[in-house]
There are 2 protein chains.
Amino acid sequence: MTRPLDPDLFAACDDARPMIRIGDKWTTKLVVCLRDGPRRFNELLRPLRGITPKVLTESLRAMERDGLVVRTAYAENPPRVEYALTPFGRTLLEPLAAICTWTAQHQSTLNEVRAAS
Amino acid sequence: MTRPLDPDLFAACDDARPMIRIGDKWTTKLVVCLRDGPRRFNELLRPLRGITPKVLTESLRAMERDGLVVRTAYAENPPRVEYALTPFGRTLLEPLAAICTWTAQHQSTLNEVRAAS
DNA sequence: GTAGCCAGTTTCGTTGAAGTAACCGGCACC
DNA sequence: GGTGCCGGTTACTTCAACGAAACTGGCTAC
């Protein structure tokens, strides 16, 4: 047999949360959307098909709290608000790219398997 | 400004689901647990601190449906059941390793930020 | 003066993952 | 014959994420 599993394998993780909070429906997609630079609220609404403004606000606020995103409001007219990845948020891009690649390669497989069952 | 966001950026994704279903609380951890070879039910219970047998069963069944995991029952005494990653499941290891590395490097940062707010 | 954009907020309801606790049959061990 | 392990199952509850729909206030453009 293989070595026994370390009982403390996940000791460093917050038990109450996923290993990393990239699994909720929107965070991953938002990071991808902000990859190329700052984006405005309504600009983000469109590609995230079906997200409601309420949920987008909540997601962005959560990412702001985690230091992944900065919100910048300009006192212009019409008002302009921009969201951008922080340097910390940018560190997520590389590992997420690996996930995106995997998804691109295997999503169809997954969909087939699910449809078949 | 940067190029406009492609409105169909996520057209290939199932709108009703996260980009990839690795974000629920346990799937990522389970893949890591199965990295080194097949594991038994009770062996998985321990490092996943606090998971209940019910939730472990549900998670494993979901991963089985998705073709990530195989369940093998041996007609022995005491009964033995082993869970192992399929070749398809193994393809997840590489991108997940990137996420694990990120988590290891930045979890403390994240915890500090969260504690401060 | 009415219509619309911008960046949201508010209220209410739904859904599904997760948790709690108890229970199961078969066997081994003492 | 009582206890405990093994791999679960069942019933019930809780909670956060998600969603639909309407609304806001300040401004501009027609």
Side-chain angles (χ1 to χ4, degrees), chain A residues 1 4-5 10 13-30 33-34 38-66 69-84 114, chain B residues 1 4-5 10 13-30 33-34 38-66 69-84 114:
Chain A
M1 260 292 274
L5 268 181
F10 301 110
C13 297
D14 181 348
D15 286 352
R17 308 188 157 278
M19 213 156 152
I20 170 180
R21 203 56 226 296
I22 60 162
D24 66 336
K25 198 166 167 181
W26 303 109
T27 304
T28 14
K29 290 181 180 175
L30 274 169
C33 283
L34 295 172
R39 298 289 179 183
R40 306 177 60 171
F41 191 85
N42 279 291
E43 201 177 1
L44 293 169
L45 274 181
R46 259 175 292 276
L48 301 169
R49 1 189 93 218
I51 196 174
T52 58
K54 181 201 133 197
V55 173
L56 179 54
T57 302
E58 284 173 0
S59 304
L60 287 169
R61 294 279 188 279
M63 294 172 76
E64 222 189 327
R65 272 197 301 277
D66 283 350
V69 154
V70 268
R71 178 184 188 273
T72 313
Y74 298 90
E76 300 176 352
N77 247 308
R80 187 160 58 95
V81 180
E82 279 186 351
Y83 296 91
R114 282 177 178 163
Chain B
M1 261 291 273
L5 267 182
F10 300 110
C13 297
D14 181 348
D15 285 352
R17 307 189 158 278
M19 213 156 151
I20 169 179
R21 202 54 227 297
I22 59 162
D24 65 336
K25 197 166 167 182
W26 303 110
T27 305
T28 15
K29 291 181 180 176
L30 274 170
C33 283
L34 295 173
R39 299 289 179 181
R40 306 177 59 170
F41 190 84
N42 279 289
E43 201 177 1
L44 292 170
L45 274 181
R46 258 175 292 279
L48 301 168
R49 2 189 92 217
I51 196 174
T52 57
K54 180 201 134 197
V55 174
L56 180 54
T57 302
E58 284 172 0
S59 303
L60 288 168
R61 294 280 188 278
M63 293 172 75
E64 222 189 326
R65 271 196 302 276
D66 283 351
V69 155
V70 268
R71 178 183 189 274
T72 314
Y74 298 90
E76 299 177 353
N77 248 307
R80 188 159 59 96
V81 180
E82 281 187 350
Y83 296 92
R114 282 177 178 164

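Chain A is the first sequence line, chain B the second, and so forth, proteins listed ahead of strands; every chain is numbered from 1.
B/Leu45 places its CG atom 13 Å from the P atom of D/dT9, with the value rounded to the nearest Å. Regarding B/Ile51, its CD1 atom lies at a distance of 8 Å from the P atom of C/dA18, rounded to whole Å. The CG atom of A/Leu56 sits 13 Å away from the C1' atom of C/dC6 (whole-angstrom rounding). For the pair A/Glu58 CD and D/dC15 C1', the computed distance is 14 Å after rounding to whole Å. In this entry the distance linking CD of B/Glu82 with C1' of D/dG8 reads 16 Å, nearest Å. As rounded to whole Å, 9 Å separates atom P of D/dG7 from atom CD of B/Glu43. As rounded to whole Å, 9 Å separates atom C1' of C/dA18 from atom CH2 of B/Trp26. Between A/Arg80 atom CZ and C/dA7 atom P the separation is 9 Å, expressed in whole Å.
The side chain of A/Asn77 sits closest to D/dC27 out of C/dA18, D/dA20, D/dC27. In the set D/dG19, D/dC6, C/dC6, D/dC6 carries the atom at the smallest distance from any side-chain atom of B/Asn42.
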Give each protein N/O atom lying under 3.5 Å from an N/O atom of nucleotides 8-13 of chain C, with the pair distance.
unit_1: C/dG8; atom_1: OP1; unit_2: A/Arg71; atom_2: NE; d: 3.4
unit_1: C/dG8; atom_1: OP1; unit_2: A/Arg71; atom_2: NH2; d: 2.3
unit_1: C/dG8; atom_1: OP2; unit_2: A/Tyr83; atom_2: OH; d: 2.7

Side chain to side chain contact (heavy atoms under 4.5 Å, CB included) between A/Met63 and A/Leu30, worked out: CA-CA 9 Å; A/Met63 294 172 76; A/Leu30 274 169; 3.7 Å; yes
Stepwise side chain to side chain contact (heavy atoms under 4.5 Å, CB included) check, A/Phe41 with A/Val81: CA-CA 7 Å; A/Phe41 191 85; A/Val81 180; 5.6 Å; no
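Here the CG-CD distance, from B/Leu44 to B/Glu82, works out to 10.0 Å after rounding to the nearest 0.5 Å. Atom CD1 in A/Ile51 sits 5.0 Å away from atom CH2 in A/Trp26 (nearest 0.5 Å).
A/Arg61 places a side-chain heavy atom less than 4.5 Å from the side chain of A/Glu64. Side-chain contact between A/Pro79 and A/Asn77 is present, with heavy atoms from C-beta onward closer than 4.5 Å. Counting heavy atoms from C-beta outward, B/Thr72 and B/Pro38 have side chains that stay 4.5 Å or more apart.
An OP1 or OP2 oxygen of C/dC6 is reached within less than 4.0 angstrom by no side-chain nitrogen or oxygen of A/Arg40.
Of the two residues contacting DNA chain D, namely A/Pro79 and A/Ser59, the nearest-nucleotide position lying further toward the 5' end is that of A/Ser59.
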